[in-house]
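For reference, the structure discussed in these notes is given below.
Atoms within a ligand are numbered from 1 in the order they appear, just like the ligands themselves.
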Amino acid sequence: MQIAFVASECVPFVKTGGLADVVGALPPEIAKLGHDVTVYLPLYAGVRPHLEGEWKYVIRSITIPFQYYNRFVGIVDGGRRNGVQYYFVDCPEMFDRQGLYTTRTGDYPDNAERFALFCRAVLEATKQLGVPQVFHVHDWQTGLLPVYLRTLYYFDPMLQSAGTVLTIHNAGYQGWFPPVTTERLLFPWDVFTMDKVEQFDSFNFLKGGLVFSDMLTTVSRKYAEEIQTPEFGHDLDGVLLKRASDLRGILNGVDYAHWDPATDGNLAAHYGPEKLDGKAACRADLLHAFGLEGIQDTTPVIGIVSRFASQKGFDMVAQIAGQLLERDVAVVALGTGEPFYEAFFRDWAYRHKDRVAAQIRYDDALAHKVEAGADMFLMPSRYEPCGLNQIYSLKYGAVPVVRATGGLDDTIEEWNAKTGTGTGFKFAGYAPEALLAAIDRALKAFRDKKGWRKLMRNGMARNYSWEQPAKEYVEVYEEVARRRS
Ligand code: ADP
């Protein structure tokens, strides 16, 4: 089959979150199964260093009309890597910026125009470079592609049989814009109704994608169920419920080429389930990196690597911060994000220098060190579509303590000391006491060295590679192609 991935981020070119990991890893895996895969990305400032030598434009100029003017985009050949062809949509006035979606002071005011232009440019580009059987789009940034395809491009003979799949990586970000966006993007006003793109008087990119795509997927089975409820649907539960028969939950894989303590180049020592010794050296290295050299071997180290967003549940951590330090634990946190949480972690570390340390920045190498050096890994998310860090944690023997939601619930099994089964600790409800109780269960288990090693090994033996999810995606593509033929 011919599949075109259309996404706003992709490892190794540009990343703000888990979406980039998925768009980096899934296309090569689909290509390995014998399919013809292309990835389209915007040419941001951050992508430029990745393009070697002189750029080759495969298309010099495509006209993208807006209400009062036209913009012109080029398509740059990003070359083939791992069996996948990459193309970049070049429009410097839209994408040659440091941020992807926001600056420190808020969202770019022209995001609707930027990502509408991106979607439309990809549709136009494929007419010259090859129309795929399925466009696989991701999150709100590319939610408009299926809308264009089934409205303004409805009668295009080249695009008529192309199908669409939209993957929801996070339903909390939807791309809300004022109603006048309809005119600015040259849509007829009849798309601005509540059965199409309108949502509480906003033009909603994600909703448009949910309504107009042939099939929908999201990144875990549990999250697929959750988003059909008012608690997790972010007001789109009604639309998702209507489309329930077209919605699949496919758990993300992880890239073990980058996340395996047996080969990870960022670590002080290597280790694996058969030989755990190296983890002690990694722990010492981590404590050194965070200035916590005084921590005793018997004191468990809790690691955190996260975007600091309210989604991630750190308000609960703030509420138990005092009680947690009544226990024998140390905490290392790496993250950036909302000022409230950055301030909380900074302040907590400042007041307890000997046991809590925080680094407020994005640092991939340090994220690896945290996974390898921590004894436990904390993810108390309010909601978590899939979550990658808890899966990395399993592999690194950093026992996850998680809230039972979305992918966290799908990937972590509660430890049972009697049977020796399970991979971590999880709690239900959104209550600080429940979080503290789960940490207490973990601390108790940590004191039984033999049991703890078994628990670590259980997690390390789990396999969340991309092989299986890639096959499930191909089934979805085949279903879409069948419906469109
Ligand atoms: P989300 O996509 O909601 O941010 P995920 O757990 O799916 O959450 O993915 C987060 C990814 O971003 C992981 O690969 C994680 O290691 C990485 N990450 C998040 N914050 C940081 C940070 N401050 N430094 C390094 N890596 C980070």
Any Gly335 heavy atom less than 4.0 Å from ligand 1: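 It does, in that a heavy atom of Gly335 comes within the 4.0 Å cut-off of ligand 1.
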Is it the side chain, the backbone, both or neither of Asp21 that has a heavy atom closer than 4.0 Å to ligand 1?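 The part of Asp21 near ligand 1 is the side chain, not the backbone.
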For ligand 1, which part of Lys15 has a heavy atom less than 4.0 Å away: the side chain, the backbone, both, or neither?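 The answer is the side chain.
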When the ring centroid of Phe115 is compared with that of Trp140, is the distance short of 6.0 Å?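 Yes, the ring centres sit under 6.0 Å apart.
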Run the ring-centre check on Phe203 versus Phe177 and record whether the distance is less than 6.0 Å.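 No, the ring centres sit 6.0 Å or more apart.
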Mark up the atoms of ligand 1 that fall under 4.0 Å of a heavy atom belonging to Tyr392, in ascending order.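 The atoms of ligand 1 under 4.0 Å from a heavy atom of Tyr392 are 14 (O).
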May I ask you to list the atoms of ligand 1 that are less than 4.0 angstrom from any heavy atom of Leu334?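 Per the distance check, 23 (N), 24 (N).
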Short N-O contact, [X] and [Y], less than 4.0 angstrom:
{"X": "Asp110", "Y": "Arg97", "result": "yes"}
{"X": "Glu29", "Y": "Lys32", "result": "yes"}
{"X": "Asp347", "Y": "Arg351", "result": "yes"}
{"X": "Glu342", "Y": "Arg104", "result": "yes"}
{"X": "Arg48", "Y": "Asp96", "result": "yes"}
{"X": "Arg403", "Y": "Asp409", "result": "no"}

Is the positively charged end of Lys312 above the ring of Tyr341, judged by distance under 6.0 angstrom from the centroid and angle within 45° of the axis?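 The answer is no, since Lys312 fails at least one limit relative to Tyr341.
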Would [X] count as a polar contact of ligand 1, with the cut-off being nitrogen or oxygen pairs under 3.5 Å?
{"X": "Val305", "value": "no"}
{"X": "Ala367", "value": "no"}
{"X": "Asp363", "value": "yes"}
{"X": "Thr16", "value": "no"}
{"X": "Trp259", "value": "no"}

Nearest non-hydrogen protein atom, [atom]:
{"atom": "atom 16 (O) of ligand 1", "answer": "Asn389 OD1, 3.2 Å"}
{"atom": "atom 4 (O) of ligand 1", "answer": "Arg307 NE, 2.7 Å"}
{"atom": "atom 23 (N) of ligand 1", "answer": "Arg361 O, 2.9 Å"}
{"atom": "atom 2 (O) of ligand 1", "answer": "Gly18 N, 2.7 Å"}
{"atom": "atom 8 (O) of ligand 1", "answer": "Lys312 NZ, 3.3 Å"}

Whether the side chain of Gln174 engages the backbone of His234 through a donor-acceptor N/O pair (distance < 3.5 Å, no angle test) should be reported.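 Judged by distance alone, yes, a pair lies under 3.5 Å.
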Taking all atoms of both residues into account, what is the closest heavy-atom pair of Asp214 and Gly163, and its distance?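 Minimum heavy-atom contact is OD2-CA, 3.1 Å.
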On a heavy-atom basis, I'd like to know which of [options] is closest to [atom].
{"atom": "atom 7 (O) of ligand 1", "options": "Asp364, Asn252, Leu388", "value": "Leu388"}
{"atom": "atom 18 (N) of ligand 1", "options": "Tyr362, Phe308, Tyr173", "value": "Tyr362"}
{"atom": "atom 20 (N) of ligand 1", "options": "Ala20, Ser306, Gly17", "value": "Ser306"}

